[in-house]
Amino acid sequence: QIEQQSVFNMAQGNTADEMLSNTARMLGQPISLFHCPSRRGAGLYPYTEAKWPLRNCQPVNEAAKSDYAINGGDTSMDGGNGPDSLDIGDLKDYAWPDLKLANGVSFVRSNWALRDITDGTSHTLLVGEKYMQRGSVGRGYGDDQTMYLGDDADVRRWCMNPPAADRRDLDDPDRFGSSHSSGCQFVLCDGSVKLIPFTVERAVFQRLGNRKDGGVVDADGL
């Protein structure tokens, strides 16, 4: 939907080695649309996550990153580290996380249609700016990997707490936020864009993050 089909198709290959190499090449493709100009420009930033090595990809030292994350819901969930291979993930007895409390738009193994957003697409958050601790942009937890990931704090945040302005004394990779002075920009599921103020009440913000709680909130009135 953003005219980047060439990047979408990049991680292909005729052999396993080609796919590993091409996926690493894809990680080196920044897209300006995914960067907030108030924080940083499009470019490559250090890939500093060393504890969990990349899977299905050759190692990289730098990667494209994003200032935006998708809404996981109003309840934080531990998605785990995922299976070591697709074959293991397809096993019937593989221990995927319990998704009973999942209520956002995207999280591990999510697969929703518009009809599943029962609170209404104009009342449910889709994507927003992600909070980052000042001084750790491009390398801190929640911004240490790449935007071409599955479920991870680099690309998915929760609505348990209201968005916060970037600052040095708060390290919270689960939260939405921005480097702006008054609020955080969000895209709702109907495609509209709203500025959610940092002063929004916690309960109100949680309802915006939950796609099915029946607590409909008009974002225009915040």
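From a predicted model like this one, the values you see are computed outputs, not experimental measurements.
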Considering residues, nucleotides and ligands other than [X], do more than 12 of their heavy atoms fall under 6.0 Å from its [atom1]?
| X | atom1 | result |
| --- | --- | --- |
| L114 | CG | no |
| D169 | CG | yes |
| N9 | CG | yes |
| F8 | CZ | no |

Could you tell me whether the side chain of [X] and the main chain of [Y] form a donor-acceptor pair under 3.5 Å?
| X | Y | answer |
| --- | --- | --- |
| D152 | L149 | no |
| K130 | G142 | yes |
| N71 | G209 | yes |
| S178 | A165 | no |
| Q133 | R168 | yes |
| T23 | M19 | yes |
| N22 | E18 | yes |
| R202 | M160 | yes |
| K65 | G43 | no |
| S192 | L188 | no |

For this session: Kindly write out the residues that satisfy side chain to side chain contact (heavy atoms under 4.5 Å, CB included) with R175, not counting sequence neighbours, or none if the list is empty.
Result: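 If we apply the side chain to side chain contact (heavy atoms under 4.5 Å, CB included) test to R175, skipping adjacent residues, the hits are Y131, N161, P162, A164, L170, D172.
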
Exercise. Partners of E201 by side chain to side chain contact (heavy atoms under 4.5 Å, CB included), sequence neighbours excluded?
Worked result: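 Testing E201 for side chain to side chain contact (heavy atoms under 4.5 Å, CB included), a comparison that skips the adjacent residues, returns V204.
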
For this session: Walk me through it: do L126 and D190 pass the test side chain to side chain contact (heavy atoms under 4.5 Å, CB included)?
Result: CA-CA 9 Å; L126 176 64; D190 66 348; over 6 Å; no

Do [X] and [Y] land in one hydrophobic cluster if side-chain heavy atoms of ILVMFWY residues count as linked below 4.5 Å?
| X | Y | answer |
| --- | --- | --- |
| I2 | M26 | yes |
| I70 | Y68 | yes |
| V60 | I31 | yes |
| V108 | V155 | no |

Can you name the closest pair of heavy atoms from [X] and [Y] and give their distance?
| X | Y | result |
| --- | --- | --- |
| S32 | A42 | CA-CB, 3.7 Å |
| D143 | G138 | OD2-N, 2.5 Å |
| T146 | A64 | OG1-O, 2.8 Å |
| A219 | L208 | CB-CD2, 4.5 Å |
| C159 | L125 | SG-CD1, 4.0 Å |
| L222 | P197 | CB-CD, 4.1 Å |

For this session: List the steps, then state whether salt bridge (Lys or Arg N to Asp or Glu O under 4.0 Å) holds for K194 with D220.
Result: CA-CA 7 Å; K194 309 293 182 184; D220 286 329; 2.3 Å; yes

For this session: Output, in order, the C-alpha distance, side-chain angles, deciding distance and verdict of side chain to side chain contact (heavy atoms under 4.5 Å, CB included) for H123 and V216.
Result: CA-CA 6 Å; H123 306 291; V216 176; 3.3 Å; yes

Any salt bridge between [X] and [Y], counting N to O under 4.0 Å?
| X | Y | result |
| --- | --- | --- |
| D151 | R156 | yes |
| R40 | D67 | yes |
| R134 | D166 | no |

Measure the [atom1]-[atom2] distance between [X] and [Y] for me, rounded to the nearest 0.5 Å.
| X | Y | atom1 | atom2 | result |
| --- | --- | --- | --- | --- |
| L91 | W96 | CG | CH2 | 10.5 Å |
| L99 | R109 | CG | CZ | 7.5 Å |
| R139 | Q145 | CZ | CD | 15.5 Å |
| M10 | S21 | CE | OG | 11.0 Å |
| N103 | S110 | CG | OG | 12.0 Å |
| L27 | L44 | CG | CG | 9.5 Å |

For this session: In sequence, state the C-alpha distance, the side-chain angles, and the governing distance for F186 and V127, and then conclude on side chain to side chain contact (heavy atoms under 4.5 Å, CB included).
Result: CA-CA 6 Å; F186 282 88; V127 173; over 6 Å; no

Exercise. Ring pair (Phe, Tyr, Trp, His ring centres under 6.0 Å) with F198: which residues, sequence neighbours excluded?
Worked result: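 Result, ring pair (Phe, Tyr, Trp, His ring centres under 6.0 Å) vs F198: none returned.
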
Within a strict 4.5 Å, meaning less than it, do heavy atoms of the [X] and [Y] side chains meet?
| X | Y | result |
| --- | --- | --- |
| W112 | F107 | yes |
| Q185 | V193 | yes |
| E129 | H180 | yes |
| S182 | L195 | yes |

For this session: Could you tell me which residues satisfy salt bridge (Lys or Arg N to Asp or Glu O under 4.0 Å) with D87, sequence neighbours excluded, listed by chain and number?
Result: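 For D87 there are no salt bridge (Lys or Arg N to Asp or Glu O under 4.0 Å) partners, ignoring immediate neighbours.
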
For this session: Check the pair T118 / R211 against side chain to side chain contact (heavy atoms under 4.5 Å, CB included), numbers first and verdict last.
Result: CA-CA 6 Å; T118 56; R211 72 179 193 281; 5.8 Å; no

Problem set entry | Sequence neighbours excluded, every pair satisfying ring pair (Phe, Tyr, Trp, His ring centres under 6.0 Å) that has a member inside residues 24-50 |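 Applying ring pair (Phe, Tyr, Trp, His ring centres under 6.0 Å) to every pair that reaches into residues 24-50, excluding sequence neighbours, yields nothing.
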
Problem set entry | Qualifying ring pair (Phe, Tyr, Trp, His ring centres under 6.0 Å) pairs, either residue in residues 135-162, two or more places apart |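 As it turns out, there is no ring pair (Phe, Tyr, Trp, His ring centres under 6.0 Å) pair with a partner in residues 135-162 once direct neighbours are skipped.
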
